[in-house]
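Below is one structure, written out as C-alpha coordinates, with a few remarks after it.
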Amino acid sequence: MSDIIRTDRPPEAAARKTGEFMPTLQLSTDHDLCPGCGEPLALRTVLESIVDLGMSQQCVGVIGIGCYTALTSIMDVDLIQALHGRAPSVATGSKRMRPETLIFTLQGDGDMANEGLQEVIHTAARGESVTCILLNNGVFGETGGHMTATTVIGQRTKNSLDGRDAAYHGHPIDMIGLLAPLGGTAYAARGSVHDAAGVAKTRRMVRRAFEAQLRGDGFSIVEILTMCPTGWFIPTEEGPDYLDTVMGEIHVTGEWKRDGQLLQQAADPPEAD
Amino acid sequence: MIESRGTVVIAAERCKGCELCIPACPPKVLRMSGERNAIGAEVPELLAGCTGCGACLLVCPDFCFEIYRFETPQTHPGAGAAS
Ligand SMILES: Cc1ncc(C[n+]2csc(CCOP(=O)(O)OP(=O)(O)O)c2C)c(N)n1
Ligand code: SF4
Ligand code: SF4
Ligand code: SF4
Ligand SMILES: [Mg+2]
(Lines give C-alpha, C1' and ligand atoms only; values in the text may rest on other atoms or scores of the structure.)
(Ligands and ions follow the chains in the order given, each with its own letter.)
Protein backbone atom coordinates (compact mmCIF):
# COMPACT_ATOMS: atom_id res chain seq x y z
CA MET A 1 0.00 0.00 0.00
CA SER A 2 1.30 3.45 -0.83
CA ASP A 3 1.13 6.49 1.42
CA ILE A 4 -1.21 9.23 0.31
CA ILE A 5 0.06 12.49 1.73
CA ARG A 6 -2.48 15.04 2.94
CA THR A 7 -2.49 18.05 0.65
CA ASP A 8 -5.56 19.92 1.85
CA ARG A 9 -3.62 22.05 4.33
CA PRO A 10 -0.02 23.17 4.97
CA PRO A 11 2.28 20.53 6.54
CA GLU A 12 2.42 20.16 10.32
CA ALA A 13 6.17 19.51 10.40
CA ALA A 14 8.47 22.55 10.23
CA ALA A 15 8.68 23.65 6.62
CA ARG A 16 9.45 26.73 4.54
CA LYS A 17 7.02 27.88 1.87
CA THR A 18 8.94 28.12 -1.41
CA GLY A 19 6.13 28.57 -3.93
CA GLU A 20 2.88 30.56 -3.71
CA PHE A 21 -0.31 29.52 -5.49
CA MET A 22 -0.29 32.62 -7.66
CA PRO A 23 2.06 35.49 -8.56
CA THR A 24 1.88 38.56 -6.29
CA LEU A 25 0.48 40.66 -9.16
CA GLN A 26 -2.53 38.39 -9.47
CA LEU A 27 -5.79 39.28 -7.71
CA SER A 28 -7.34 35.84 -7.84
CA THR A 29 -6.77 32.31 -9.08
CA ASP A 30 -10.22 32.20 -10.60
CA HIS A 31 -10.43 32.25 -14.39
CA ASP A 32 -12.61 30.68 -17.06
CA LEU A 33 -9.94 29.49 -19.50
CA CYS A 34 -10.22 25.84 -20.52
CA PRO A 35 -8.62 22.91 -18.67
CA GLY A 36 -5.04 22.48 -19.91
CA CYS A 37 -4.79 25.93 -21.51
CA GLY A 38 -1.23 27.28 -21.77
CA GLU A 39 -2.11 30.96 -21.50
CA PRO A 40 -2.29 31.16 -17.68
CA LEU A 41 1.23 29.65 -17.57
CA ALA A 42 2.47 32.41 -19.84
CA LEU A 43 0.73 34.99 -17.66
CA ARG A 44 2.74 33.78 -14.69
CA THR A 45 6.04 34.41 -16.51
CA VAL A 46 4.99 37.98 -17.33
CA LEU A 47 3.67 38.92 -13.89
CA GLU A 48 6.66 37.44 -12.08
CA SER A 49 9.11 39.24 -14.38
CA ILE A 50 7.45 42.59 -13.62
CA VAL A 51 7.94 41.96 -9.90
CA ASP A 52 11.52 40.70 -10.40
CA LEU A 53 12.41 44.05 -11.96
CA GLY A 54 10.64 46.08 -9.28
CA MET A 55 8.29 47.63 -11.85
CA SER A 56 4.91 46.70 -10.28
CA GLN A 57 3.99 50.32 -9.68
CA GLN A 58 5.31 51.56 -13.02
CA CYS A 59 3.92 49.21 -15.58
CA VAL A 60 1.14 49.30 -18.17
CA GLY A 61 -0.08 46.31 -20.16
CA VAL A 62 -1.84 46.78 -23.50
CA ILE A 63 -4.11 43.84 -24.15
CA GLY A 64 -5.21 42.34 -27.46
CA ILE A 65 -8.37 40.33 -28.11
CA GLY A 66 -8.41 36.61 -27.48
CA CYS A 67 -8.93 34.10 -24.69
CA TYR A 68 -6.13 35.74 -22.66
CA THR A 69 -8.22 38.94 -22.55
CA ALA A 70 -10.30 37.24 -19.86
CA LEU A 71 -7.17 37.07 -17.69
CA THR A 72 -7.27 40.87 -17.30
CA SER A 73 -9.88 40.43 -14.57
CA ILE A 74 -7.27 38.75 -12.36
CA MET A 75 -4.23 40.91 -13.25
CA ASP A 76 -3.23 43.53 -10.65
CA VAL A 77 -1.54 45.71 -13.29
CA ASP A 78 -2.68 48.91 -15.04
CA LEU A 79 -4.13 47.84 -18.38
CA ILE A 80 -5.40 49.34 -21.61
CA GLN A 81 -7.67 47.28 -23.85
CA ALA A 82 -6.66 47.73 -27.49
CA LEU A 83 -8.64 47.00 -30.64
CA HIS A 84 -7.84 43.67 -32.26
CA GLY A 85 -4.19 43.68 -33.42
CA ARG A 86 -3.55 47.33 -32.54
CA ALA A 87 -1.82 46.86 -29.20
CA PRO A 88 1.71 47.69 -30.49
CA SER A 89 0.52 51.12 -31.63
CA VAL A 90 -1.25 51.82 -28.34
CA ALA A 91 1.94 50.67 -26.58
CA THR A 92 3.97 53.07 -28.74
CA GLY A 93 1.84 56.04 -27.69
CA SER A 94 1.91 54.97 -24.04
CA LYS A 95 5.70 54.64 -24.01
CA ARG A 96 6.26 57.97 -25.70
CA MET A 97 4.09 59.70 -23.11
CA ARG A 98 5.54 57.74 -20.17
CA PRO A 99 9.09 56.76 -21.08
CA GLU A 100 9.89 55.59 -17.52
CA THR A 101 7.03 53.08 -17.50
CA LEU A 102 7.43 49.43 -18.45
CA ILE A 103 5.03 48.93 -21.36
CA PHE A 104 4.12 45.49 -22.65
CA THR A 105 1.49 44.08 -24.96
CA LEU A 106 -0.26 40.74 -24.52
CA GLN A 107 -1.47 39.45 -27.87
CA GLY A 108 -2.43 36.19 -29.51
CA ASP A 109 -1.29 34.86 -32.87
CA GLY A 110 -4.64 35.74 -34.42
CA ASP A 111 -4.37 39.20 -32.93
CA MET A 112 -0.74 39.91 -33.83
CA ALA A 113 -0.09 37.87 -36.98
CA ASN A 114 -3.50 38.15 -38.67
CA GLU A 115 -5.51 41.11 -37.44
CA GLY A 116 -2.66 43.55 -36.94
CA LEU A 117 0.50 42.30 -38.59
CA GLN A 118 1.57 45.69 -39.89
CA GLU A 119 1.29 47.26 -36.42
CA VAL A 120 3.92 45.04 -34.88
CA ILE A 121 6.24 45.20 -37.90
CA HIS A 122 6.30 48.99 -37.90
CA THR A 123 6.64 49.16 -34.11
CA ALA A 124 9.66 46.86 -34.33
CA ALA A 125 11.17 48.67 -37.31
CA ARG A 126 10.81 52.04 -35.56
CA GLY A 127 12.68 50.57 -32.61
CA GLU A 128 10.03 51.57 -30.07
CA SER A 129 11.15 50.59 -26.57
CA VAL A 130 8.14 48.43 -25.83
CA THR A 131 7.87 44.68 -25.27
CA CYS A 132 5.37 42.63 -27.21
CA ILE A 133 4.34 39.27 -25.75
CA LEU A 134 2.84 36.94 -28.34
CA LEU A 135 0.87 33.94 -27.06
CA ASN A 136 1.01 31.59 -30.04
CA ASN A 137 -1.33 28.60 -30.04
CA GLY A 138 -1.75 28.48 -33.81
CA VAL A 139 -5.49 29.14 -33.65
CA PHE A 140 -8.07 31.84 -33.17
CA GLY A 141 -8.86 30.18 -29.85
CA GLU A 142 -11.59 32.42 -28.53
CA THR A 143 -13.73 32.35 -31.65
CA GLY A 144 -13.63 28.57 -32.02
CA GLY A 145 -10.20 27.32 -33.03
CA HIS A 146 -9.74 28.44 -36.64
CA MET A 147 -6.47 28.54 -38.55
CA THR A 148 -4.25 31.61 -38.13
CA ALA A 149 -1.18 32.87 -39.96
CA THR A 150 1.04 30.87 -37.57
CA THR A 151 -0.78 27.50 -37.84
CA VAL A 152 1.87 24.99 -38.91
CA ILE A 153 1.64 22.68 -41.91
CA GLY A 154 -0.34 19.60 -40.94
CA GLN A 155 -1.95 21.26 -37.92
CA ARG A 156 -5.66 20.48 -37.51
CA THR A 157 -7.90 23.45 -36.88
CA LYS A 158 -11.60 24.04 -37.38
CA ASN A 159 -11.09 25.11 -40.99
CA SER A 160 -8.16 22.81 -41.74
CA LEU A 161 -9.67 19.57 -40.50
CA ASP A 162 -7.24 17.41 -42.46
CA GLY A 163 -4.32 19.53 -41.37
CA ARG A 164 -3.01 22.76 -42.87
CA ASP A 165 -2.05 22.15 -46.48
CA ALA A 166 0.53 24.57 -47.90
CA ALA A 167 -0.85 24.27 -51.43
CA TYR A 168 -4.37 25.17 -50.32
CA HIS A 169 -3.92 27.29 -47.15
CA GLY A 170 -0.51 28.82 -47.70
CA HIS A 171 2.49 28.72 -45.38
CA PRO A 172 2.77 29.75 -41.73
CA ILE A 173 4.50 33.00 -40.75
CA ASP A 174 7.47 32.64 -38.41
CA MET A 175 6.92 35.79 -36.34
CA ILE A 176 10.29 35.78 -34.61
CA GLY A 177 12.08 35.04 -37.87
CA LEU A 178 10.22 38.00 -39.38
CA LEU A 179 10.79 40.52 -36.58
CA ALA A 180 14.25 39.61 -35.26
CA PRO A 181 16.23 40.90 -38.28
CA LEU A 182 14.59 44.36 -38.25
CA GLY A 183 17.04 47.08 -37.23
CA GLY A 184 14.82 48.41 -34.44
CA THR A 185 14.56 45.02 -32.73
CA ALA A 186 16.89 44.73 -29.74
CA TYR A 187 15.70 41.41 -28.33
CA ALA A 188 13.70 38.55 -29.85
CA ALA A 189 13.07 35.11 -28.38
CA ARG A 190 10.60 32.26 -28.51
CA GLY A 191 9.71 30.17 -25.48
CA SER A 192 7.22 27.37 -24.90
CA VAL A 193 5.21 26.39 -21.84
CA HIS A 194 5.01 22.68 -22.71
CA ASP A 195 6.92 21.71 -19.55
CA ALA A 196 8.29 23.19 -16.32
CA ALA A 197 11.75 23.84 -17.79
CA GLY A 198 10.10 25.58 -20.73
CA VAL A 199 8.11 27.82 -18.39
CA ALA A 200 11.27 28.70 -16.43
CA LYS A 201 13.20 29.48 -19.65
CA THR A 202 10.32 31.56 -20.97
CA ARG A 203 10.33 33.57 -17.78
CA ARG A 204 14.04 34.40 -18.28
CA MET A 205 13.29 35.50 -21.85
CA VAL A 206 10.49 37.80 -20.71
CA ARG A 207 12.76 39.29 -18.10
CA ARG A 208 15.52 39.90 -20.66
CA ALA A 209 13.05 41.53 -23.02
CA PHE A 210 11.87 43.85 -20.23
CA GLU A 211 15.49 44.63 -19.33
CA ALA A 212 16.20 45.57 -22.96
CA GLN A 213 13.22 47.91 -22.88
CA LEU A 214 14.26 49.51 -19.58
CA ARG A 215 17.75 50.15 -20.99
CA GLY A 216 16.09 51.89 -23.93
CA ASP A 217 17.66 49.47 -26.38
CA GLY A 218 14.64 49.35 -28.69
CA PHE A 219 11.88 46.90 -29.53
CA SER A 220 11.68 43.55 -27.78
CA ILE A 221 9.46 40.56 -28.38
CA VAL A 222 8.92 37.20 -26.71
CA GLU A 223 6.70 34.69 -28.48
CA ILE A 224 5.36 32.05 -26.11
CA LEU A 225 4.00 28.80 -27.57
CA THR A 226 0.89 27.84 -25.57
CA MET A 227 -1.37 24.79 -25.54
CA CYS A 228 -4.94 25.09 -26.84
CA PRO A 229 -6.35 21.56 -26.45
CA THR A 230 -9.85 22.85 -27.16
CA GLY A 231 -8.91 24.43 -30.47
CA TRP A 232 -6.76 21.47 -31.47
CA PHE A 233 -9.46 18.88 -30.63
CA ILE A 234 -7.12 16.82 -28.47
CA PRO A 235 -7.30 15.58 -24.86
CA THR A 236 -5.82 18.09 -22.38
CA GLU A 237 -3.03 15.73 -21.33
CA GLU A 238 -1.77 15.49 -24.92
CA GLY A 239 -1.46 19.27 -25.27
CA PRO A 240 2.14 19.73 -24.08
CA ASP A 241 3.51 16.99 -26.34
CA TYR A 242 1.55 18.26 -29.34
CA LEU A 243 2.84 21.78 -28.70
CA ASP A 244 6.43 20.65 -28.44
CA THR A 245 6.49 18.26 -31.37
CA VAL A 246 4.02 19.71 -33.89
CA MET A 247 4.25 23.47 -33.30
CA GLY A 248 7.71 23.52 -31.75
CA GLU A 249 9.25 21.82 -34.76
CA ILE A 250 8.42 24.80 -37.00
CA HIS A 251 8.36 27.60 -34.43
CA VAL A 252 11.79 26.81 -32.97
CA THR A 253 12.39 27.99 -29.40
CA GLY A 254 15.38 29.94 -28.16
CA GLU A 255 16.85 33.42 -28.31
CA TRP A 256 17.08 34.88 -31.82
CA LYS A 257 18.42 38.33 -31.08
CA ARG A 258 20.17 39.70 -28.01
CA ASP A 259 21.67 43.18 -27.47
CA GLY A 260 20.72 44.01 -31.06
CA GLN A 261 22.88 41.15 -32.36
CA LEU A 262 21.24 38.51 -34.50
CA LEU A 263 22.31 35.08 -33.28
CA GLN A 264 23.26 32.55 -35.94
CA GLN A 265 20.61 30.21 -34.68
CA ALA A 266 18.20 30.04 -31.79
CA ALA A 267 20.19 29.74 -28.55
CA ASP A 268 18.78 28.88 -25.15
CA PRO A 269 19.27 31.60 -22.57
CA PRO A 270 21.82 30.74 -19.87
CA GLU A 271 20.52 29.34 -16.59
CA ALA A 272 21.30 32.43 -14.50
CA ASP A 273 18.35 34.74 -13.84
CA MET B 1 11.41 3.92 3.75
CA ILE B 2 10.54 6.83 1.47
CA GLU B 3 11.80 10.30 2.17
CA SER B 4 9.91 13.54 1.40
CA ARG B 5 12.09 16.63 1.28
CA GLY B 6 9.08 18.76 0.45
CA THR B 7 5.34 18.74 0.06
CA VAL B 8 2.52 20.58 -1.68
CA VAL B 9 -0.88 21.96 -0.83
CA ILE B 10 -3.33 21.24 -3.63
CA ALA B 11 -6.31 23.58 -4.03
CA ALA B 12 -8.43 20.71 -5.30
CA GLU B 13 -11.64 22.75 -5.39
CA ARG B 14 -10.39 24.75 -8.41
CA CYS B 15 -8.58 21.93 -10.21
CA LYS B 16 -9.96 21.39 -13.73
CA GLY B 17 -8.56 17.87 -14.07
CA CYS B 18 -6.26 18.60 -17.03
CA GLU B 19 -3.56 16.17 -15.76
CA LEU B 20 -0.67 18.44 -16.82
CA CYS B 21 0.88 18.16 -13.35
CA ILE B 22 1.17 14.36 -13.49
CA PRO B 23 4.00 13.91 -16.07
CA ALA B 24 5.59 17.21 -14.95
CA CYS B 25 6.51 15.80 -11.52
CA PRO B 26 10.13 14.53 -11.76
CA PRO B 27 9.89 11.86 -8.99
CA LYS B 28 6.41 10.84 -10.26
CA VAL B 29 4.72 11.29 -6.90
CA LEU B 30 1.56 12.87 -8.31
CA ARG B 31 -1.20 10.71 -9.72
CA MET B 32 -4.88 11.15 -10.49
CA SER B 33 -6.90 10.12 -7.46
CA GLY B 34 -10.22 8.97 -8.88
CA GLU B 35 -11.88 11.59 -6.63
CA ARG B 36 -13.87 14.41 -8.18
CA ASN B 37 -14.38 17.95 -6.91
CA ALA B 38 -17.61 19.99 -6.97
CA ILE B 39 -17.14 20.93 -10.65
CA GLY B 40 -16.73 17.26 -11.58
CA ALA B 41 -13.00 17.35 -12.30
CA GLU B 42 -10.83 14.44 -11.24
CA VAL B 43 -8.13 15.79 -8.94
CA PRO B 44 -4.53 14.66 -8.33
CA GLU B 45 -3.13 13.17 -5.12
CA LEU B 46 0.38 13.12 -3.67
CA LEU B 47 2.44 10.07 -2.76
CA ALA B 48 5.50 10.05 -0.51
CA GLY B 49 8.73 11.28 -2.09
CA CYS B 50 8.00 14.91 -3.04
CA THR B 51 11.19 16.96 -3.38
CA GLY B 52 9.52 20.38 -3.25
CA CYS B 53 10.92 21.19 -6.70
CA GLY B 54 7.89 23.23 -7.77
CA ALA B 55 7.53 21.79 -11.29
CA CYS B 56 3.83 21.11 -10.66
CA LEU B 57 3.29 24.76 -9.74
CA LEU B 58 4.88 25.93 -13.02
CA VAL B 59 2.66 23.77 -15.24
CA CYS B 60 -0.72 24.03 -13.50
CA PRO B 61 -2.96 26.44 -15.46
CA ASP B 62 -5.28 26.82 -12.48
CA PHE B 63 -2.82 27.88 -9.79
CA CYS B 64 -3.59 24.82 -7.62
CA PHE B 65 -0.14 24.26 -6.06
CA GLU B 66 1.63 25.76 -3.08
CA ILE B 67 5.13 24.36 -2.38
CA TYR B 68 6.89 23.64 0.92
CA ARG B 69 10.38 22.40 1.80
CA PHE B 70 10.74 20.57 5.11
CA GLU B 71 13.40 21.73 7.59
CA THR B 72 14.09 18.03 8.15
CA PRO B 73 13.12 15.49 5.47
CA GLN B 74 10.10 13.41 6.49
CA THR B 75 10.23 9.65 6.23
CA HIS B 76 7.29 7.41 5.41
CA PRO B 77 7.07 3.66 5.88
CA GLY B 78 5.19 3.03 2.61
CA ALA B 79 6.48 2.30 -0.86
CA GLY B 80 5.73 5.75 -2.33
CA ALA B 81 5.68 6.22 -6.08
CA ALA B 82 7.13 2.79 -6.76
CA SER B 83 3.93 0.97 -5.80
C1 LIG C 1 -11.85 43.62 -35.35
C2 LIG C 1 -12.27 42.30 -34.77
N3 LIG C 1 -12.31 41.22 -35.56
C4 LIG C 1 -12.67 40.01 -35.07
C5 LIG C 1 -12.96 39.86 -33.73
C6 LIG C 1 -13.34 38.52 -33.19
N7 LIG C 1 -12.31 37.87 -32.40
C8 LIG C 1 -12.32 37.90 -31.05
S9 LIG C 1 -11.14 36.96 -30.34
C10 LIG C 1 -10.58 36.48 -31.87
C11 LIG C 1 -9.48 35.47 -31.99
C12 LIG C 1 -8.24 35.81 -31.27
O13 LIG C 1 -7.27 34.84 -31.53
P14 LIG C 1 -5.87 34.94 -30.86
O15 LIG C 1 -5.39 36.34 -30.88
O16 LIG C 1 -4.99 33.93 -31.48
O17 LIG C 1 -6.15 34.58 -29.33
P18 LIG C 1 -6.54 33.20 -28.64
O19 LIG C 1 -8.01 33.26 -28.42
O20 LIG C 1 -6.10 32.09 -29.54
O21 LIG C 1 -5.80 33.21 -27.34
C22 LIG C 1 -11.33 37.06 -32.89
C23 LIG C 1 -11.09 36.83 -34.32
C24 LIG C 1 -12.90 41.02 -32.92
N25 LIG C 1 -13.13 40.97 -31.60
N26 LIG C 1 -12.54 42.22 -33.45
S1 SF4 D 1 -9.92 27.88 -26.43
FE2 SF4 D 1 -7.74 27.36 -26.31
S3 SF4 D 1 -6.68 29.30 -25.86
FE4 SF4 D 1 -8.87 29.58 -25.40
S5 SF4 D 1 -9.07 29.13 -23.19
FE6 SF4 D 1 -9.53 27.24 -24.33
S7 SF4 D 1 -7.57 26.13 -24.44
FE8 SF4 D 1 -7.08 28.29 -23.90
S1 SF4 E 1 6.98 19.83 -5.86
FE2 SF4 E 1 8.06 18.60 -7.41
S3 SF4 E 1 8.20 16.58 -6.48
FE4 SF4 E 1 6.65 17.67 -5.30
S5 SF4 E 1 4.70 17.13 -6.28
FE6 SF4 E 1 5.40 19.04 -7.24
S7 SF4 E 1 6.54 18.36 -9.06
FE8 SF4 E 1 6.32 16.56 -7.71
S1 SF4 F 1 -2.35 20.74 -13.46
FE2 SF4 F 1 -3.65 21.79 -11.96
S3 SF4 F 1 -5.70 21.83 -12.87
FE4 SF4 F 1 -4.49 20.31 -14.00
S5 SF4 F 1 -4.92 18.34 -12.97
FE6 SF4 F 1 -3.07 19.17 -12.03
S7 SF4 F 1 -3.84 20.33 -10.26
FE8 SF4 F 1 -5.60 19.98 -11.60
MG1 LIG G 1 -4.38 32.09 -30.75
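Note that this is a predicted model, so its numbers are computed, not measured.
B:Ala24 does not touch chain A: none of its heavy atoms, backbone or side chain, sits under 4.5 Å away. Using a 4.5 Å cut-off between heavy atoms, B:Cys60 contacts chain A through its backbone alone, with no side-chain atom that close. For a residue to count as touching a neighbouring chain, one of its non-hydrogen atoms must lie under 4.5 Å from one of that chain's; by this rule B:Cys15 does not touch chain A. In this structure, chain B has no heavy atom under 4.5 Å from any part of A:Asp241. For a residue to count as touching a neighbouring chain, one of its non-hydrogen atoms must lie under 4.5 Å from one of that chain's; by this rule B:Ala12 does not touch chain A. Neither the backbone nor the side chain of A:Val193 comes within less than 4.5 Å of any heavy atom of chain B.
Around CD of A:Glu249, the count of heavy atoms belonging to other residues, nucleotides or ligands within 6.0 Å does not exceed 12. For CD of B:Glu35, the number of neighbouring non-hydrogen atoms (other residues, nucleotides, ligands) closer than 6.0 Å is 12 at most. Environment of CD in A:Gln57: sparse, with no more than 12 heavy atoms of neighbouring residues, nucleotides or ligands closer than 6.0 Å.
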Would you sort out whether A:Thr29 and B:Arg14 count as a side chain to side chain contact (heavy atoms under 4.5 Å, CB included), showing the intermediate values? CA-CA 8 Å; A:Thr29 54; B:Arg14 61 173 173 263; 3.3 Å; yes
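Note that CG of B:Leu20 and CG of A:Asp195 are 11.0 Å apart. Values are rounded to the nearest 0.5 Å. For the atom pair CD1 of A:Ile5 and SG of B:Cys50, the computed distance is 9.0 Å after rounding to the nearest 0.5 Å. Taken to the nearest 0.5 Å, the CD atom of B:Glu66 stands 9.5 Å off from the OG1 atom of A:Thr18. The structure places CD1 of B:Ile67 at 9.0 Å from CZ of A:Phe21, a figure rounded to the nearest 0.5 Å.
The side-chain heavy atoms of A:Glu20 and B:Phe65, taken from C-beta on, include no pair separated by under 4.5 Å. Proximity of B:Leu58 to A:Arg203: side-chain heavy atoms (C-beta onward) are nowhere separated by under 4.5 Å. Put simply, the side chain of A:Met22 does not reach to within 4.5 Å of the side chain of B:Asp62, judged on heavy atoms. Side-chain atoms of A:Arg44 and B:Leu57, non-hydrogen and from C-beta on, do get closer than 4.5 Å to each other. For the pair A:Arg16 and B:Phe70, the minimum side-chain heavy-atom distance is 4.5 Å or more.
When atom types are taken as modelled, the side chain of A:His31 and the backbone of B:Pro61 share a donor-acceptor pair closer than 3.5 angstrom. In this structure a side-chain-to-backbone donor-acceptor pair under 3.5 Å is present from A:Thr236 to B:Cys18. B:Lys16 places a side-chain N or O within 3.5 Å of a backbone atom of A:Leu33 that can act as its donor or acceptor partner.
Considering every non-hydrogen atom in both B:Phe63 and A:Pro23, the closest pair reads CE2-CD, 4.1 Å. Taking every heavy atom of both residues into account, A:Asp8 and B:Val9 meet most closely at C-CG1, 4.3 Å.
Chosen from A:Gln26, A:Glu39, A:Arg6, the residue pairing most often with chain B at heavy-atom distances under 4.5 Å is A:Gln26.
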